[in-house]
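Everything on this sheet refers to the single structure shown next.
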Amino acid sequence: MSVLEYIILSFALSVPVMVTLRGCALKNPIRLTRGLGVSFLIALEQTLLFLAGMWVSNMLRFDIPDYDNLFFLGLMVVVALRLFFPAFRKKDKERVPYDISRWGTVGLLGVATGVNTLFIGLAFGFLFSISEEMWKVAVPLMVILFLLCYLAIMMGRRKKQMRERRWQLIAVLFLLVFAIKGAFFGN
């Protein structure tokens, strides 16, 4: 895959984290210098989760393209569905804000929001070797996650609105396009 495709994938994976962090910063505003650290920690955790998922599925893959493509498609659809259903939650039901002023909470929040990233890493490991694709995926994912997490913290501090449903549906669309492209049209 090209770096541009990994950049688009990074945007799709950053949207749910961005929505969660904006809500946390809305209820518990933190200083922007601390926001840099929070953004870096979450971006680092999610990048490591993606690479760990690729590494695990590199060991588990069958090296039979038909089966590997099906596992890729299945994991991508699972993550797309995990993003699709929360997008249609009722407006009156608020997200739970977490206290991002504590580092322990930030570390656990990075892991909790990184489940989707781990599943996508597992999916990509069935099609691509981690030794060939590691830097092409890690650098864009780290940079874009860092920037969008920091943007979410700034939006939360300023109480700016975000059209969460629209952003989540765009992320679902990106993931479904990648699922179809990877499973049916090859690498």
Just verifying a value: how many Å separate [X] [atom1] and [Y] [atom2], rounded to the nearest 0.5 Å?
| X | Y | atom1 | atom2 | result |
| --- | --- | --- | --- | --- |
| Leu4 | Leu9 | CG | CG | 11.5 Å |
| Arg22 | Met154 | CZ | CE | 13.5 Å |
| Lys27 | Ile100 | NZ | CD1 | 13.0 Å |
| Asp63 | Asn58 | CG | CG | 9.0 Å |
| Leu49 | Leu141 | CG | CG | 10.0 Å |
| Leu13 | Thr47 | CG | OG1 | 9.5 Å |

Minimum heavy-atom separation for [X] and [Y], please, with both atom names.
| X | Y | answer |
| --- | --- | --- |
| Ala43 | Phe146 | CB-N, 3.6 Å |
| Leu109 | Cys24 | CD2-SG, 4.2 Å |
| Met162 | Val19 | CE-CG2, 3.5 Å |
| Leu81 | Pro86 | O-CD, 4.3 Å |
| Leu148 | Met18 | O-CG, 3.7 Å |
| Ala152 | Ala25 | O-CB, 4.4 Å |

(Q) Taking the six-membered ring for Trp, are Phe71 and Phe62 closer than 6.0 Å centroid to centroid? (A)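 Here the rings of Phe62 and Phe71 have centres that are less than 6.0 Å from each other.
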
Joint cluster assignment, [X] & [Y], ILVMFWY side-chain distance < 4.5 Å:
| X | Y | answer |
| --- | --- | --- |
| Leu70 | Val79 | no |
| Phe40 | Leu147 | yes |
| Ile153 | Trp103 | yes |
| Leu83 | Leu73 | yes |
| Val177 | Phe185 | no |

Return all side-chain donor-acceptor pairs below 3.5 angstrom for residues 119-134, not counting sequence neighbours, or 'none' if the list is empty.
from: Ser129; atom 1: OG; to: Ser131; atom 2: N; distance (Å): 3.4
from: Ser129; atom 1: OG; to: Ser131; atom 2: OG; distance (Å): 2.9
from: Glu133; atom 1: OE1; to: Tyr6; atom 2: OH; distance (Å): 2.6

Q.
Taking the side chain as everything from C-beta on, heavy atoms only, tell me whether Val38 gets closer than 4.5 Å to Cys149.
A. no

Q.
Quick one, Met155 and Leu21 - any side-chain contact, counting heavy atoms below 4.5 Å?
A.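 With C-beta onward as the side chain, the pair stays apart.
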
Q. Should the heavy atoms of other residues, nucleotides or ligands under 6.0 Å from OH of Tyr98 be counted, would the total exceed 12?
A. no

Q.
Please determine whether the number of non-hydrogen atoms from other residues, nucleotides or ligands lying under 6.0 Å from atom CZ of Arg31 exceeds 12.
A.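 No, not enclosed.
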
Q: Check side-chain hydrogen bond (donor to acceptor under 3.5 Å, both in side chains) between Asp99 and all other residues, then give those that pass, not counting sequence neighbours.
A: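 Checked Asp99 against side-chain hydrogen bond (donor to acceptor under 3.5 Å, both in side chains); matches are Ser101.
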
(Q) Test: side chain to side chain donor-acceptor pair (under 3.5 Å). Region: residues 111-124. Which pairs qualify, not counting sequence neighbours? (A)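 Every side chain to side chain donor-acceptor pair (under 3.5 Å) pair that includes a residue of residues 111-124, provided the two are not neighbours, is Gln46-Thr113, Gln46-Thr117, Arg82-Asn116.
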
Q.
Tell me which pairs pass side chain to side chain donor-acceptor pair (under 3.5 Å) where either residue lies in residues 12-21, with sequence neighbours left out.
A.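 Sorted result for residues 12-21: empty, none.
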
Q | With Asp66 via salt bridge (Lys or Arg N to Asp or Glu O under 4.0 Å) - residues at least two apart | A |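 Partners of Asp66 under the salt bridge (Lys or Arg N to Asp or Glu O under 4.0 Å) test: none.
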
Atom pairs and distances, donor-acceptor, side-chain atoms in residues 168-175, under 3.5 Å, two or more places apart:
none

Q) Yes or no on side-chain contact (heavy atoms from CB on, under 4.5 Å) for Val137 and Met54, after CA distance, side-chain angles and deciding distance? A) CA-CA 10 Å; Val137 70; Met54 276 187 81; 4.3 Å; yes

**Q.** Verdict with supporting geometry, Leu176 and Met76, side-chain contact (heavy atoms from CB on, under 4.5 Å)
**A.** CA-CA 7 Å; Leu176 289 176; Met76 293 291 280; over 6 Å; no

